[in-house]
Amino acid sequence: MSASFRRSAVAIGFAALLLALVPLFTGSFVLHVLTIALYYVILAASWNLLAGYTGQFSLAHHAFAAIGAYTSGLMGYHLKISPWIGIPCGVMLAGVCGLILGRLVLKMRAIYLAIATWAFAETFHIYLTADYKFTRGELGLSVKSLYGTTDPMPYYFTFLALTVLVLLGLRLLIDSPLGFFMRAIKDDELRAKSLGIDTTKVKIAVFAISSAIAGLAGGFFGHYIALLTPQMIDFSEMAKIVVMVVIGGFGTFLGPIVGAAPVQVVMTYLQSYGEWNLAVFALIVIVLMRFSMEGVASLFTPLWRRVWNWK
Amino acid sequence: MAALEAIGLRKRFGTLQAANDVTLSVEPGEIRGLIGPNGAGKTTLVNLVTGVYAPDSGEVKLAGQSITGLAMHEIARRGLVRSFQVTRLFGNQTVRENLLTAFHARRPANVDGEAAAERMIRLTTLGPLADTPAKKLSGGQRALLQMGCGFMVPGSCYVLDEPFAGINPVIKETILEMIVEVNRAQGAAFLVVSHEMAIIRQLCPQVTVMMEGKVAAQGTLDEVARLPAVVAGYLGKALE
Ligand SMILES: Nc1ncnc2c1ncn2[C@@H]1O[C@H](COP(=O)(O)OP(=O)(O)OP(=O)(O)O)[C@@H](O)[C@H]1O
Ligand SMILES: [Mg+2]
């Protein structure tokens with residue numbers, strides 16, 4: 001295990017421990033908000049792997065979460081299949097769809113890739129709405145809750161565990177040779193190739209991995225909220241993920257973690273202002289992108305260094 | 001059998017025939033110079049043999065095996081290593097990470113990457129900058145690092161596009177020593193593009209001269225430097 005992994009594991013473990021104590025002090029609404037925030041941490045972190053580390057600015061990440069959620073939801077609704085089988089199927093389908101989409105957009109430059117992935121997500125959105133006999137469309141697909149209760153507590157701990165696992169997995173991946181290749185491709189793809197890196201394979205693999213993780217988060221999310229609607233693939237969902245990562249720190253490990261939760265919490269409380277709160281965040285993103293891409297995570301860097309120098 | 005062979009390579013950009021029937025070979029263990037005026041097609045040739053462009057016609061062989069039309073990364077994995085005239089590095093990776101990326105890309109079995117990177121950091125004298133992002137390096141340091149990346153995993157043939165252009169004499173000397181050392185220790189072949197006649201004379205027993213997309217002459221530097229066509233088309237005056 002590398003030093004970087006050990007440090008991250010300690011920090012993540014410590015944060016998870018603190019979060020595990022939260023239910024002692026708060027009610028179920030706060031737990032609900034935090035559960036949703038953890039869902040977005042997973043989405044933001046996995047999208048960051050693709051966009052922030054590899055430079056593949058996909059706008060279809062929310063669609064892969066929906067693939068995970070709807071796969072398990074539909075299997076349960078039509079075939080009475082247990083979520084514990086449905087969710088893994090959703091993960092696999094999201095991964096395979098990610099692999100295919102990744103293959104299709106392989107040669108595309110940034111803006112075309114963004115448009116093509118967005119079109120993919122919109123197509124899926126329209127399908128979910130249109131084929132209402134199968135998907136229940138805007139009426140919503142009712143999904144069995146995972147633990148047969150609507151009390152957020154067990155879901156909160158489920159998402160906490162999932163988040164820890166996903167983050168540790170991502171840390172391992174980023175420190176592995178594949179992680180080096182991802183960052184190399186983002187910086188200079190021609191040079192990456194000239195060194196002997198099969199950039200095609202790397203990009204497709206990262207697309208599949210990040211999509212599968214989104215499918216995992218989506219699967220569990222569906223069995224928590226218990227009602228799936230095409231709203232899950234509304235573009236505002238994707239925009240939210242982008243906002244979270246950019247505010248937190250694009251292409252940094254800490255970024256999506258420190259960006260997702262606060263943005264989701266603030267948005268929940270600003271919900272009464274409707275779509276406007278997204279507009280405010282969009283403005284912040286534009287300013288951040290224009291002046292620095294470092295995000296909130298960079299504020300933690302000096303502290304992080306100091307903590308580990310004490311040892 | 002030649003380490004690297006280009007046979008009748010042609011490449012056209014619009015109306016410009018940048019490579020016009022280029023045939024050239026580099027023997028195992030040889031350090032061959034490639035010289036010629038600006039726009040002669042030297043970089044184009046480098047790009048053709050390393051797979052950046054597919055030739056319109058002709059063939060490229062590495063140790064006797066055809067590599068024409070192979071993907072760039074395939075060619076690199078077969079041991080043909082290149083450097084770029086305009087230095088290319090991963091700007092957001094540190095010096096050490098750049099070396100490690102180059103290592104992992106063609107990872108040899110049973111070799112410790114960290115240790116290899118450490119050795120290369122010493123060899124390139126970039127120690128104090130090991131954890132600095134490559135984009136913060138000076139031009140000479142970048143050239144040095146690019147060279148170090150190329151040497152992280154042994155190759156059978158190195159194609160270096162102007163490795164000495166625009167860098168200070170100390171770094172130039174370091175790069176020169178690295179080339180000589182790799183050539184001596186591993187018996188690797190080199191094709192070195194350069195305008196620096198003093199270095200070419202010191203490093204390359206044989207040179208190839210390119211002009212207007214064609215091979216204009218081959219031989220020792222002093223032989224080709226006497227040819228009227230080379231003097232008129234490139235050197236301007238005879239070398240002293
Ligand atoms: N991708 C390209 N598209 C169009 N023209 C090109 C391309 N690459 C090179 N050329 C042209 O081909 C000719 C040969 O260029 P090349 O870079 O191979 O020359 P060179 O011998 O390396 O010159 P220098 O000594 O200046 O590096 C030039 O006229 C150049 O403008
Ligand atoms: Mg050139």
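In what follows, every chain begins at residue 1, and chains take the letters A, B, ... in the order their sequences are listed. Just the heavy atoms: all of them, side chains too, but no hydrogens, waters or symmetry mates, feed the values below.
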Which bit of [X] is near chain A, if near means a heavy-atom gap under 4.5 Å: side chain, backbone, both or neither?
X: B:Thr50; value: neither
X: B:Leu89; value: both
X: B:Arg107; value: side chain
X: B:Phe84; value: side chain

Would you mind checking if B:Arg184 and B:Glu181 are paired as a salt bridge, meaning a charged N to carboxylate O distance below 4.0 Å?
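B:Arg184 and B:Glu181: salt-bridged.
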Counting heavy-atom pairs under 4.5 Å with chain A, which one of [options] comes out on top?
options: B:Lys135, B:Arg88, B:Arg82, B:Met72; value: B:Arg88
options: B:Gln146, B:Met152, B:Glu97; value: B:Glu97
options: B:Glu74, B:Arg78, B:Arg77; value: B:Arg77

When the aromatic ring centroids of A:Tyr40 and A:Trp47 are compared, is their separation below 6.0 Å?
no
A:Phe64/A:Phe120 aromatic ring centres below 6.0 Å:
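Here the rings of A:Phe120 and A:Phe64 have centres that are less than 6.0 Å from each other.
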What option among A:Gly251, A:Ala184, A:Ala192 has the most heavy-atom pairs under 4.5 Å with chain B?
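Ranked by contacts with chain B, first place is A:Ala184.
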Quick check on A:Leu178 against chain B: is it the side chain, the backbone, both or neither that has a heavy atom closer than 4.5 Å?
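Contact with chain B: none, neither part.
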Picking from A:Thr199, A:Val202, A:Asp198, A:Thr54, what satisfies side chain to side chain contact (heavy atoms under 4.5 Å, CB included) with A:Phe181?
A:Val202
Please identify which of these residues, B:Val159, B:Val60, B:Leu9, meets the side chain to side chain contact (heavy atoms under 4.5 Å, CB included) condition with B:Leu45.
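When side chain to side chain contact (heavy atoms under 4.5 Å, CB included) is applied between B:Leu45 and each of B:Val159, B:Val60, B:Leu9, only B:Leu9 qualifies.
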CG/A:Leu113 to CE/A:Met108 distance, rounded to the nearest 0.5 angstrom?
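Atom-to-atom, A:Leu113:CG and A:Met108:CE are 7.0 Å apart.
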Over-ring placement of A:Arg183 relative to A:Phe180, 6.0 Å and 45° cut-offs
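Ring-cation test returns yes.
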